[in-house]
Structure formats: structure tokens, C-alpha cells
Amino acid sequence: MPKKIALTTTGIILSLALSACSGGSANNLDKVSYDLKDATAAPSVSFATPFSVGKTETHLISEGNGDSVKDGDTLLIQATIFDGKEAKELGTTYESKPLMILVGEKLKENAPELYSMLTEHKVGSSFSYSTNMVSPEAGESPSAAPADSPTNVEVYTVVQKLLPEATGTALDHKDWNKALESFEIADSGAGVIKLKDDRGDAPKELVTQNLIEGSGRTVESTDQVYVKYEGVRWEDGKSFDGNYNGDPLDISLGGVIKGWKEGLSGHKVGSRVLLVIPSDLAYGENPANGAPSGALVFVVDILGAMPTPEAVIAQQKAAEEAQKKAEESKNKEESKGDEKTDTETPHEEPKPEEPKADEGAPAENQPAQEAPAPEESPAQ
């Protein structure tokens, strides 16, 4: 059964809680052998066991070439942890979804070395981490493990920086869908949708429109997307859900209502998308569990997107199958060529037979006899 790493933003800060401690050693993490696998799958490592550090250590494995990182940025980070005693993988986010980490004062206070590693390097960077500090129980402070105790080796890759808001080319208000009067972000940070009073009957078909067109990655129907949104009911225009004044929501488009899956697919990261969703592509007329009924209207900011682990595996399998078929086809063609060489005479110009000595061929070292002149045609 796949092992999944159970770390949240709070959990990682606790697990990486950094505190001064006595003792120390030369940096051991630079002696570890790393295979990052292009950050498309969980990395592998090799090191002498048991692995142990006498203090908190970090090590830059590779520098990224993406955007720089600063306070206020929200990062997506893939993490894999290896047991320092036997070098076995304990868990990884590559089989679920990356950690979503807010870079700010809280992180700087609780994990200054992690904060420094993130802010001093670019998106795409990979680094390792190990500490002899034991995660505390509730209400207690971190404490150092006994000397020479095995310490885990943790490998992190910053895979993406989320946009703070929709960014791109704004659609002229006069071209907005006729049902939408206005959309704004209030001083509180909340999104506010106002529908027109004369918007007409509830929609029968899905409407999707860029209020702002971004220029990032195109969203696919199998993606994990990171969004801020606001939703209202078509019937009365009342808000029922939203997170513009909170953290981005991460969702798989394979697990949401059809109106979101169909409506967001094909749009680009950075876009602010208006979704007018008929009842049959939302929750229906009589939904369970308190979900809103009838047609719905959403405004969604797409702040980031990436393939789900299932999609990555499917793409890798498809690529492997394509390569396998190409090799089989090549081998088959080569095999046919070999059979043709074995069974067919090569096409060469026939060589004239050498005349035998008793058939008029000149004797060795003797000149050839002059050929007889051709007979004349009979006169008519």
C-alpha cells in the first residue's frame, strides 16, 4: 500500500522546529547521494547508516531557475522523508499532493533555517534537512535527542509559487455576461458577487468566461488546482461559500461538480473565471448535506495548477507504452531486413562469362583474332 506523508503546514513547522542545541558535527548531508528524478517522482537517497547529526543541518542539493521567494509567498513543496537508521523511505507527498507553505513571520520564528533556505533560493530548488531535535508534546519545548541517535533525512523540492491573485488582461465590463452586475474584493478581503435584477430565467447550459485572462499553464481536467473563489445562488444572489479572505483551496478537478471541472478546464493559471452553472451540472434541485440547490454562479481565481499523481503515472505509462511500441516496430523492420538479405540475391549487374580456350578464346600472351565483319543485307 502506498505510503503517504501526513504533514500539514502546521505539522511541518513543528517537525522542523529549530532550536539552538549543544554539540555539532561537520555537515553530513553533503555526503548523502541524491537522485531527484527531475522532481516527477519521489527521490531516492544513499547514505551510510545509521545517519546522525548533532545539530540541525540543511544542504542545498540543486538551485532552481524559477521565481525568487519572499515574505507573503505561498509555496508548493514536495517532501520525502527517509529513516536515518536503515535509509528506508518513511513517506512522501509525491503520492498525494505537495505541502502548501506560507512564507512569513510565523515560519521565520518557528523554523528560521527553513525560512532562510526558502527565501535565499529560487523556485525549483531542492534541499535536504536533518535535525536531532525531537518534536515536542503539546505544551512542551523541543528537546535534543540523545547523542548519536539516528536522525531522519528529509528531502524537499519547491515545485511552484502560487499567484497571490488573478493577474492578466481584464475583460471590458461591457462585455461581461449579462447576468453579472459586478464583482469586487471588499476591504475585509471577501469576494462580493452582485447579480443583475433582470438576469432572466435560470441557465440551462454552462457559461464560462474570463473576467481576467491569465498567461500561465493551461488547466487540464485531471489537474490539482489552487483557487480562491466566491459562490452565490442564481435564485436570490445570496453567497453560500468563498475563501477570498483566506488561504487558497486545493482541489482535484476529478472530484468536484461537473460545472467546475468543465468550466475551469482549458483556462490558464492567473485567470479570474466566471462560472454560471445550471442545476444539473451543480448539486441539483434537492441536494443532500446542506449543499446549495439550483443554478449557481461562481467567480474563481486560478492561482496555480499541477497534474495529480494519478495523471503523472498515467502519462508515464503512456510514454512507456509508446516507447515500447516504437522499439517493437523498429525491431520488426530490422528483422524483415535481415530475412530479405538471407533469402534474396542482391541486385547486381551480371558479369559476362569468360570465353573458354576451346571456344575461340585467345591463347595466353597471344593477340585476339579480329572479329568477322557482319554480313551485308541482301539487296532487293
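Given the structure is predicted, the values throughout are model-derived calculations rather than measurements.
Contact of the L253 side chain with the L264 side chain is registered, since non-hydrogen atoms from C-beta on lie closer than 4.5 Å. Considering only heavy atoms from C-beta on, L99 stays 4.5 Å or farther from L76 through its side chain. Counting heavy atoms from C-beta on, the side chains of V155 and I61 come closer than 4.5 Å. Residues T58 and L114 have side chains not in contact (no heavy-atom distance under 4.5 Å, counting atoms from C-beta outward). Counting heavy atoms from C-beta on, the side chains of P287 and S293 come closer than 4.5 Å. Side-chain contact check for V103 versus T74: every heavy-atom pair is 4.5 Å or farther apart. Side-chain contact between V297 and L275 is absent, with no heavy atoms from C-beta onward closer than 4.5 Å. No side-chain heavy atom of P248 sits less than 4.5 Å from a side-chain heavy atom of V227.
D73 contributes no side-chain N or O that, together with a main-chain N or O of P164, makes up a donor-acceptor pair within less than 3.5 Å. Panel note: side chain R199, backbone W234; a donor-acceptor pair is recorded below 3.5 Å. Looking at S271, its side chain does come within 3.5 Å of a backbone N or O of G214 through a donor-acceptor pair. Between the side chain of N289 and the backbone N or O of A291 there is no donor-acceptor pair closer than 3.5 Å. Using a distance-only test at 3.5 Å, with no hydrogens or angles considered, a donor-acceptor pair links the side chain of E57 to the main chain of N28. No donor-acceptor distance shorter than 3.5 angstrom exists from the side chain of K238 to the backbone of R233, with no hydrogens or angles considered. Judged by distance alone, the side chain of D175 and the main-chain N or O of L171 form no donor-acceptor pair under 3.5 Å. Between the T93 side chain and the A79 main chain, a donor and an acceptor come within less than 3.5 Å of each other. Between the side chain of D223 and the backbone N or O of V225 there is no donor-acceptor pair closer than 3.5 Å. Under a 3.5 Å cut-off, the side chain of S62 and the backbone N or O of S125 do not form any donor-acceptor pair.
To the nearest 0.5 Å, atoms CD1 (I302) and CZ (R217) are separated by 11.0 Å. Here the NZ-OG distance, from K261 to S252, works out to 8.0 Å after rounding to the nearest 0.5 Å. A distance of 6.0 Å separates NZ of K194 from OG of S182, quoted to the nearest 0.5 Å. Rounding to the nearest 0.5 angstrom, the gap separating the NZ atom in K258 from the CG atom in L206 is 12.0 Å. Atom CD of Q78 is separated from atom NZ of K97 by 12.0 Å, given to the nearest 0.5 angstrom.
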CA sep, side-chain torsions, deciding dist, call: S33, S46, side chain to side chain donor-acceptor pair (under 3.5 Å)
CA-CA 5 Å; S33 176; S46 176; 5.4 Å; no
What's the verdict on side-chain contact (heavy atoms from CB on, under 4.5 Å) for E230 and S239, showing C-alpha distance, side-chain angles and the deciding distance?
CA-CA 7 Å; E230 180 68 20; S239 172; 2.4 Å; yes
S126 vs T157, test: side chain to side chain donor-acceptor pair (under 3.5 Å). Steps then yes/no.
CA-CA 4 Å; S126 296; T157 296; 2.6 Å; yes
Do K85 and T49 pass the side-chain contact (heavy atoms from CB on, under 4.5 Å) test, and can you show the C-alpha distance, the side-chain angles, and the key distance before you say yes or no?
CA-CA 6 Å; K85 185 177 181 180; T49 57; over 6 Å; no
Could you walk me through whether M117 and E113 pass the side-chain contact (heavy atoms from CB on, under 4.5 Å) test, one step at a time?
CA-CA 6 Å; M117 183 62 71; E113 292 188 23; over 6 Å; no
Check the pair L180 / I193 against side-chain contact (heavy atoms from CB on, under 4.5 Å), numbers first and verdict last.
CA-CA 8 Å; L180 181 63; I193 297 174; 3.8 Å; yes
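A continuous path of hydrophobic side-chain contacts links I257 to V300 [ILVMFWY only; heavy atoms under 4.5 Å]. Connection of L249 to L296 is established within a shared hydrophobic cluster, with ILVMFWY side chains joined at heavy-atom distances below 4.5 Å, either directly or through further cluster members. Residue L118 is grouped with residue Y115 when hydrophobic side chains (ILVMFWY) are merged at heavy-atom distances under 4.5 angstrom, including chains of intermediate members. Under the 4.5 Å side-chain heavy-atom criterion for Ile, Leu, Val, Met, Phe, Trp and Tyr, V192 and L195 are members of distinct hydrophobic clusters. I185 and L162 end up in different hydrophobic clusters when Ile, Leu, Val, Met, Phe, Trp and Tyr side chains are linked at under 4.5 Å.
Of the charged side-chain nitrogens involved, at least one lies within less than 4.0 Å of a carboxylate oxygen, so that D301 and R272 count as a salt-bridged pair. Here K122 does not pair with D67 in a salt bridge; the nearest charged N to carboxylate O distance is not below 4.0 Å.
Atom CG of N245 sits in a crowded spot, with more than 12 heavy atoms from other residues, nucleotides or ligands closer than 6.0 Å. Other residues, nucleotides and ligands contribute more than 12 heavy atoms inside 6.0 Å of the CG atom of D236. Within 6.0 Å of NZ in K196 there are more than 12 heavy atoms belonging to other residues, nucleotides or ligands. A 6.0 Å sphere centred on CD of Q209 holds more than 12 heavy atoms belonging to other residues, nucleotides or ligands.
Closest of all the heavy-atom pairs between T80 and P43 is OG1-CD, 3.2 Å. For A305 against V219, the heavy-atom pair with the smallest separation is CB-CG2, 4.1 Å. Heavy-atom minimum distance, F127 versus V158: CE2-CG2, 4.5 Å. Closest heavy-atom contact between A42 and E89: CB-OE1, 4.1 Å. Here the shortest heavy-atom pairing between G294 and A282 reads O-CB, 4.0 Å. Annotation for H267 and N210: closest pair ND1-OD1, 2.9 Å, computed over non-hydrogen atoms.
Y226 and D247 share no donor-acceptor pair across their side chains, judged by distance under 3.5 Å alone. For the 3.5 Å distance criterion, the side chains of E154 and S130 fail to qualify, holding no donor opposite an acceptor.
Just one of Y244, F183, W260 meets the ring-ring contact (aromatic ring centres under 6.0 Å, His included) condition when paired with Y229; it is W260.
Ring to ring, Y34 and F82 are not that close: their centroids are 6.0 angstrom or more apart.
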